[in-house]
Amino acid sequence: MPVITCVEDLRVLAKRRVPRMFYDYADSGAWTESTYRANEADFKTILLRQRVAVNVEDRSTAVLMLGQPARMPVAIAPIGLAGMQHADGEIHAARAAEKFGIPFSLSTMSICSIEDIAENTSAPFWFQLYMMRDRAAMVRMIERCKAANCAALVLTLDLQVPGQRHKDLKNGLTVPPRPTVANLVNLATKLRWCAGMAATRRRSFGNLVGHVDAVSNMRSLSAWSSEQFDPRLSWNDVDWVRRQWGGKLILKGITDVEDAKLAVRHGADAVVVSNHGGRVLDGAPSSIRALPAIAEAVGSTTEVWMDGGIRTGQDVLKAWALGARGTMIGRAMIYGLGAMGEAGVSKALQMLHKELDVTMAVCGHTRITDVDRAILVPGTY
Ligand SMILES: Cc1cc2nc3c(=O)[nH]c(=O)nc-3n(C[C@H](O)[C@H](O)[C@H](O)COP(=O)(O)O)c2cc1C
């Protein structure tokens with residue numbers, strides 16, 4: 001077993017252990033992947049100011065995200081098919097999040113169901129909803145969230161029309177994988193993954209199969225998403241979801257200041273500055289570049305969070321400094337999950353926390369809540 005010291009190590013191990021079509025599904029972006037790459041690269045151009053001779057004993061990275069305690073300003077982002085990175089993946093990730101003390105969100109497109117997470121964890125979790133053409137199915141899903149005591153609903157607004165990832169088309173991504181020669185040859189090299197899948201009954205879309213009619217004969221993920229996600233999604237629909245749900249509402253997928261203002265006007269309790277991890281609009285700005293203007297425009301009235309490109313605790317600190325009162329992690333979690341299941345997600349969280357804590361200290365702070373832009377080198381953000 002290699003020594004794991006950073007999220008990149010988890011990515012390398014996940015690539016070895018996860019079947020190619022599911023690894024590629026995670027480690028890819030839309031079209032040329034320029035936004036996907038910019039999400040990570042733009043963090044690196046922002047520089048930190050080291051301060052010395054400051055007492056930095058007794059530090060805390062603890063915050064509240066929508067009133068929910070979080071040991072650091074990080075939540076697990078909703079990830080479709082996480083249960084294909086590792087058997088029972090969403091349960092593993094939710095358990096790791098609960099043990100570490102950060103919020104977990106479950107995707108509409110997850111393998112484990114809302115009920116699976118409720119049964120296997122005790123911390124309140126968030127559920128992410130896509131606007132589907134079948135409104136009756138959405139109402140049933142919202143009722144299931146209420147029954148499972150979900151603490152908030154995350155409505156994702158940036159996938160009315162799915163982005164194209166070349167690798168998914170070339171790999172013929174399906175759930176479960178089709179028994180083609182190429183897939184069988186690849187699976188033969190992933191015996192640990194196969195054994196996990198053989199031992200679980202959770203091998204399809206847990207929130208959809210048996211609940212949404214069109215899912216029983218799903219041909220491919222991209223075909224199904226194109227058919228089912230509603231391209232007519234409007235702010236009236238956001239109001240409709242808010243009324244149906246009646247609880248805390250997080251609007252995810254905002255990159256434009258005008259949209260952020262509209263989101264607030266339509267009752268968002270939090271907005272997530274996000275380009276879906278570079279998976280939809282190639283050529284959109286990185287999330288960290290989009291964040292400051294949105295935080296300035298609506299941050300005084302609404303919690304502004306961000307996701308996209310976070311691979312280290314330093315990225316979390318930079319996002320906080322630029323106005324994010326929380327972040328979400330996608331791939332940093334997925335790589336841990338694919339590499340080692342729950343232990344891998346826990347490892348990812350511990351490493352992010354350590355990087356965040358040490359960086360905060362070296363920059364002369366003991367409380368993340370006291371950190372602002374002054375921690376950054378002017379002209380680099
Ligand atoms: C494999 C994968 C699946 C995803 N599935 C969903 C999803 O079902 N719902 C959603 O709102 N966002 C989804 N996202 C976007 C993430 O929630 C998040 O915005 C993104 O991963 C953040 O970027 P990062 O991966 O660089 O941390 C997905 C991202 C990835 C990488």
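Both counts, for ligands and for their atoms, begin at 1 and track the order of listing.
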Between side-chain atoms of residues 62-81 and protein atoms elsewhere (two or more places apart, or another chain), which donor-acceptor pairs fall under 3.5 Å?
from: Gln68; atom 1: OE1; to: Trp126; atom 2: NE1; distance (Å): 3.0
from: Gln68; atom 1: NE2; to: Pro124; atom 2: O; distance (Å): 3.3
from: Arg71; atom 1: NH1; to: Phe100; atom 2: O; distance (Å): 3.3

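- Judged by the 6.0 Å distance and 45° axis criteria, Arg325 is not positioned over the aromatic ring of Trp305.
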Ligand 1: which protein N/O atoms lie under 3.5 Å from its N/O atoms?
from: ligand 1; atom 1: 5 (N); to: Gly80; atom 2: N; distance (Å): 2.9
from: ligand 1; atom 1: 8 (O); to: Gly80; atom 2: N; distance (Å): 3.3
from: ligand 1; atom 1: 8 (O); to: Ser107; atom 2: OG; distance (Å): 2.6
from: ligand 1; atom 1: 8 (O); to: Tyr130; atom 2: OH; distance (Å): 3.3
from: ligand 1; atom 1: 9 (N); to: Gln128; atom 2: OE1; distance (Å): 3.2
from: ligand 1; atom 1: 9 (N); to: Tyr130; atom 2: OH; distance (Å): 2.8
from: ligand 1; atom 1: 11 (O); to: Thr156; atom 2: OG1; distance (Å): 2.7
from: ligand 1; atom 1: 11 (O); to: Lys252; atom 2: NZ; distance (Å): 3.0
from: ligand 1; atom 1: 12 (N); to: Pro78; atom 2: O; distance (Å): 3.4
from: ligand 1; atom 1: 12 (N); to: Lys252; atom 2: NZ; distance (Å): 3.0
from: ligand 1; atom 1: 12 (N); to: His276; atom 2: NE2; distance (Å): 3.3
from: ligand 1; atom 1: 14 (N); to: Pro78; atom 2: O; distance (Å): 3.4
from: ligand 1; atom 1: 14 (N); to: His276; atom 2: NE2; distance (Å): 3.4
from: ligand 1; atom 1: 17 (O); to: Pro78; atom 2: O; distance (Å): 2.8
from: ligand 1; atom 1: 17 (O); to: Lys252; atom 2: NZ; distance (Å): 3.0
from: ligand 1; atom 1: 19 (O); to: Lys252; atom 2: NZ; distance (Å): 3.1
from: ligand 1; atom 1: 19 (O); to: Ser274; atom 2: OG; distance (Å): 3.4
from: ligand 1; atom 1: 19 (O); to: Asp307; atom 2: OD1; distance (Å): 3.2
from: ligand 1; atom 1: 19 (O); to: Asp307; atom 2: OD2; distance (Å): 2.7
from: ligand 1; atom 1: 25 (O); to: Arg331; atom 2: N; distance (Å): 2.9
from: ligand 1; atom 1: 25 (O); to: Arg331; atom 2: NH1; distance (Å): 2.9
from: ligand 1; atom 1: 26 (O); to: Gly309; atom 2: N; distance (Å): 2.8
from: ligand 1; atom 1: 26 (O); to: Arg311; atom 2: NH1; distance (Å): 3.0
from: ligand 1; atom 1: 26 (O); to: Arg311; atom 2: NH2; distance (Å): 3.2
from: ligand 1; atom 1: 26 (O); to: Arg331; atom 2: NH1; distance (Å): 3.3
from: ligand 1; atom 1: 27 (O); to: Gly330; atom 2: N; distance (Å): 2.9

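- Under the salt bridge (charged side-chain N to carboxylate O under 4.0 Å, His left out) criterion, Glu40 pairs with Arg311, sequence neighbours left out.
- For Trp240, the CH2 atom sits in a packed shell: over 12 heavy atoms of surrounding residues, nucleotides or ligands are nearer than 6.0 Å.
- Not counting sequence neighbours, the partners of Asp357 by the salt bridge (charged side-chain N to carboxylate O under 4.0 Å, His left out) test are Arg59.
- Neither side chain, Glu355 nor Thr312, offers a donor N or O lying under 3.5 Å from an acceptor on the other.
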